[in-house]
Protein chains: 2
Amino acid sequence: MKLSAATKRMNKSDLKLIAVLERTGGFASAQELHQILRREGDGIGLTTVYRALQSLVDDKIVDLLRREDGEAIYRLCGDNHHHHLVCKSCGDTVEIEGGAIEKWAKTMAEEFGFREVGHTAEIFGICSKC
Amino acid sequence: MKLSAATKRMNKSDLKLIAVLERTGGFASAQELHQILRREGDGIGLTTVYRALQSLVDDKIVDLLRREDGEAIYRLCGDNHHHHLVCKSCGDTVEIEGGAIEKWAKTMAEEFGFREVGHTAEIFGICSKC
DNA sequence: ATGGAAATGATAATCGTTTCCATTTTCGTG
DNA sequence: CACGAAAATGGAAACGATTATCATTTCCAT
């Protein structure tokens, strides 16, 4: 449970955000993260949350991706890389392994001479309950 | 160059949008499509553009995806379903096949009992020129 | 303590998208 | 052709996420 290896300039806000993201484990939007911190009594401002997230993304400490409606969501990157199977109806989410994807991404990137390769992949549909 | 096989209820606006999308070939945002039509003298309203696109997406005539900044972009679907390999530095984009992904998405969705399955997948990195 | 730089957060501004609603167009029927 | 209902339209306002502004506060090194 190391809080990070990147010993860059981290301010209080950055650390708070990282802590919440570690705790919640998955994705969260800026607004959600803000609410969580507020609910815990932290008076942090929305502006600061956006700023901290932006800087964490720049430093490659968190990943930024998009929900289907375009809202930005963030997650700690590095450790557990997995993908999601999301129900379009109820929003239920299953974490799945993406071994095939990893290989695909690597192969394709090599074929075209790309370096520092990352990828995103999500599957969405209607779950059995809906 | 058939204008479509889906002989559903299509109004004038739907057809205009399809025409522009066919002409431009690639992706375009709602705002861009609106501007293009306006520039051509069509007095179509932004609201109508959004409405038409929405309905075309519902009828699975166009695909909706997202730019990196979250803006919605549309393209005629049907033709070639492919994925993108994007350079984070210069923005250069290569279209790639995703056979492996299609299979993966299908398999995973079945395993968890999901229906009406779709997926997104992008690879990003630094291209050889950068 | 003190001055300056960095951080903060309330407020306002932006921008894409959606909702509202009054008006216009389309179209089937008499 | 006329009439009315239903569908389509578009301008304006509403909305929600994100960003910019700017005055105030916190941090530190001196």
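These numbers come from a predicted model, not from an experiment. Note on naming: letters A, B, ... go to the chains in the order of the sequence lines (proteins, then strands), and numbering restarts at 1 for each one.
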A.B. asks: Applying salt bridge (Lys or Arg N to Asp or Glu O under 4.0 Å), name anything that partners Glu97(A), two or more places apart in sequence or on another chain.
C.D. replies: none

A.B. asks: CE of Met10(B) versus C1' of dA7(D): gap in Å, rounded?
C.D. replies: 16 Å

A.B. asks: Within the 4.5 Å heavy-atom criterion, are Ile96(B) and Ile123(B) side-chain neighbours or not?
C.D. replies: yes

A.B. asks: With a 4.5 Å cut-off on side-chain heavy atoms, are Ile61(A) and Met10(A) touching?
C.D. replies: yes

A.B. asks: Rounded to the Å, how far apart are Asn11(B) CG and dA6(D) P?
C.D. replies: 18 Å

A.B. asks: Provide, to the nearest angstrom, the distance between the CD1 atom belonging to Ile44(A) and the C1' atom belonging to dA10(C).
C.D. replies: 14 Å

A.B. asks: Can you check whether Val62(A)'s main-chain N or O pairs, donor with acceptor, with Arg75(A)'s side chain at less than 3.5 Å?
C.D. replies: no

A.B. asks: CG of Asp14(B) versus P of dT26(C): gap in Å, rounded?
C.D. replies: 15 Å

A.B. asks: Please report the distance, rounded to the nearest Å, between CG in Asp42(A) and C1' in dG9(C).
C.D. replies: 12 Å

A.B. asks: Extract from the structure each pairing of a protein N or O with an N or O of nucleotides 24-29 of chain D at less than 3.5 Å, listing the distance.
C.D. replies:
from    : atom 1 : to       : atom 2 : distance (Å)
dC27(D) : OP1    : Lys12(A) : NZ     : 2.5

A.B. asks: Any side-chain heavy atom of Leu17(A) within less than 4.5 Å of one from Leu37(A)?
C.D. replies: yes

A.B. asks: Check DNA chain D against residues 32-40 of chain B and give the residues with a non-hydrogen atom under 4.0 Å, in numerical order.
C.D. replies: Arg38(B)

A.B. asks: Does dT18(C) have a Watson-Crick or wobble mate here (both distances under 3.5 Å), and if so which one?
C.D. replies: dA13(D)

A.B. asks: With sequence neighbours excluded, what pairs up with Thr48(A) under the side chain to side chain contact (heavy atoms under 4.5 Å, CB included) test?
C.D. replies: Ser13(A), Ile44(A), Arg51(A)

A.B. asks: Using a cut-off of 4.0 Å between protein heavy atoms and nucleotide atoms, how would you tag nucleotides 11-19 of chain C 5' to 3' with B, S and -?
C.D. replies: B----SBBB

A.B. asks: Suppose the criterion is salt bridge (Lys or Arg N to Asp or Glu O under 4.0 Å): which pairs have a residue in residues 23-34 of chain A, not counting sequence neighbours?
C.D. replies: Arg23(A)-Glu40(A), Glu32(A)-Arg67(A)

A.B. asks: Determine which pairs satisfy ring pair (Phe, Tyr, Trp, His ring centres under 6.0 Å) with at least one residue from residues 12-41 of chain B, sequence neighbours left out, and list them in order.
C.D. replies: Phe27(B)-His84(B)

A.B. asks: Rounded to whole Å, how long is the line connecting atom CG of Leu15(A) with atom P of dT8(C)?
C.D. replies: 10 Å

A.B. asks: Glu102(A): which residues meet the salt bridge (Lys or Arg N to Asp or Glu O under 4.0 Å) condition with it, sequence neighbours left out?
C.D. replies: none

A.B. asks: Between the main-chain N or O of Glu71(B) and the side-chain N or O of Asp69(B), is there a donor-acceptor pair closer than 3.5 Å?
C.D. replies: yes

A.B. asks: Listed by chain and number, what are the side chain to side chain contact (heavy atoms under 4.5 Å, CB included) partners of Ala121(A), not counting sequence neighbours?
C.D. replies: His83(A), Ile101(A), Trp104(B), Ala121(B)

